[in-house]
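Report on one structure; see the data block that follows.
In what follows, every heavy atom counts, from backbone to side chain, and hydrogens, waters and symmetry copies are set aside. Below, chain A is the first sequence line, B the second, and so on; all start at residue 1.
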Number of protein chains: 2
Amino acid sequence: MGVVESNPSTGGFLEELDRAERREQLQAVSENFRDKLRIRHLIYHWVSADGEQYGCGTYDPAWVQRYIDKGYLRIDPVIQGCYQHFHPVDWKQLDWSSRAARAFHRDAMAHGLGNQGYSVPLRGPNGQFALFTVNHACDDDTWDDFTSQNRGDLILLAHYFNQKALELEPGRQPEPAQPLSPREIEAMTLLAVGNSRAQVAEALSISEHTLRVYIESARFKLGAMNTTHAVARALSRGLIVV
Amino acid sequence: MGVVESNPSTGGFLEELDRAERREQLQAVSENFRDKLRIRHLIYHWVSADGEQYGCGTYDPAWVQRYIDKGYLRIDPVIQGCYQHFHPVDWKQLDWSSRAARAFHRDAMAHGLGNQGYSVPLRGPNGQFALFTVNHACDDDTWDDFTSQNRGDLILLAHYFNQKALELEPGRQPEPAQPLSPREIEAMTLLAVGNSRAQVAEALSISEHTLRVYIESARFKLGAMNTTHAVARALSRGLIVV
DNA sequence: TTCCCCCTCCCCGGAACTGGCGAGGGCCGG
DNA sequence: CCGGCCCTCGCCAGTTCCGGGGAGGGGGAA
């Protein structure tokens, strides 16, 4: 419990101080677990392109900065791989064949990462997506033993970190996920799968003008600049599914 | 491993048979765990509005059918509550104040559910959302003891069920995602966050015509009908991150 | 009951997007 | 070394989308 738990919405000085303190605690926890598990690295971080980054772990800060600066988020095969899976992913299973991926891999090795990795995908409300990763340098068999023996603990550890992080960064979305109306959801979904406005209107058996009202309404609720933006937000917040 | 593991893409008779068999196994597993935990019910089910329902557990089939028929999916406070949380939710914490919710609660009690419940939200790729729930009839203190002692196991159990269910219903296997070029990724990302073509072109310091080539190329690679469709596909395949 | 949201329909002008045509240089793997 | 992919730029015409109005009926919540 924080010292200013009573009023989480002020965003004031004390709260910021408290948050910084709790961040440091979480950082210490990650180092602690790394040592207990006897691995080289242990990391938790959100996956999101916009500024609101958050992460903690034992990576070299220089590597973290480099990762951000060079936009490795868009190249890292771990991200893409985990995005398509529910269960944890061993880095060996991923596709490292592309040129950019190999260059990224070399760079990561050069910054102190081990050759073995195991990442747990985490998904939260509003389309939040995060990764919990353990990293080490060893041969394949040793690593496979480690991951299969600690799989359950790693999942629970991932949950622990994600929960702490969510508590730390409470209102990541200024708009508290205003729900879309059924019609709006239908409209956005049909747009997301490639229909034009005219097609959507026909599919919903409404006039194109009415459809436009839905799109505009959804765009407003989602704080989106245009239709593409609105569909992207609806998708990434889990409001629609394709 | 199933009897027709060798060819998962046929969708043929044998595979269907195998799947039915594995479903029954999972059903048996849920009854087994219910007895081990000494609780009244244990249930896993997807939450999705469209027809593709799936679930297994120990509820009375009559209650399940009633739940579907009466559209309780839309008023069940458990659904609403879990949608907004990452961590497991005790039913006591939920908002049962609306009239519809109270009627639902009475109906559930009448169909053999206990007064206590604890639900673990589960999120998978492509916006999949599922719940793993344990239910029992006892007083609050007993239930709180139970949940706090078994929290970790329940989370892992939830993961187990979700993973089995995902294996059972492979759904639409994402087509081998043809990779986008770095420039295409940048373009799609900037479009996804609300920039117009002109803005994207300026941000990338290229002419708008060049940008159009990227968009068209990405659209082609993704098999998309238009820009919105392309952005949606890139998002749901994890090729870009917003 | 009253208010608010949801659903439905309509006009218009300007801005943005789409499709099809063309061009050239650079870098990599076979 | 050649083919293929990536990056860059250009024009034109047609289609679609956007933003700003207005208007009415129905249903659920306070």
salt_bridge(A:D107, A:K70) N-O dist < 4.0 Å: no

Sugar-phosphate, base or nothing in reach of A:E208, heavy atoms under 4.0 Å: sugar-phosphate

For atom CD1 of A:I206 and atom P of C:dC10, their distance in whole Å: 11 Å

Whole angstrom value for the distance that separates C1' of C:dT18 from CG of A:N195: 17 Å

Donor-acceptor pair under 3.5 Å, B:R212 side chain vs C:dG20 base: yes

d(CZ, A:F220; C1', C:dC6) in whole Å: 15 Å

Whole-Å gap separating C1' (C:dA16) and CG (A:N226): 10 Å

Selection from C:dC9, C:dT8, C:dC17 that lies nearest to any side-chain heavy atom of B:T227: C:dC17

Pairwise side-chain contact, B:L113 with B:Y59, heavy-atom cut-off 4.5 Å (strictly under): yes

Phosphate OP1/OP2 of C:dT8 contacted by A:T210 side-chain N/O (<4.0 Å): no

Options D:dC7, D:dC17, C:dT8, nucleotide nearest the side-chain atoms of B:P182: D:dC7

Separation of atom CZ in A:R197 from atom P in C:dT18, rounded to whole Å: 13 Å

B:M225 and B:R219, any side-chain heavy atoms less than 4.5 Å apart: no

A:R212/A:E208 salt bridge by N-O under 4.0 Å criterion: no

A:H136 ring center near A:Y118 ring center (under 6.0 Å): no

side-chain N/O B:K221 vs D:dC6 OP1/OP2, d < 4.0 Å: yes

Nucleotide nearest B:R219 when distance is taken to its side chain, options D:dC9, D:dG19, C:dT18: C:dT18

Rounded interatomic separation in angstrom, taking CD from A:E216 and P from D:dC17: 13 Å

B:R183 side chain, from C-beta outward: closest of D:dC18, D:dC9, D:dC7: D:dC7

Atom-pair distance (CG on B:L191; P on D:dC17), nearest Å: 16 Å

Contact nearer the 5' end of DNA chain D, comparing B:S181 with B:H209: B:S181

Euclidean distance, atom CG of residue A:L211 to atom C1' of D:dC18 [Å, nearest integer]: 13 Å

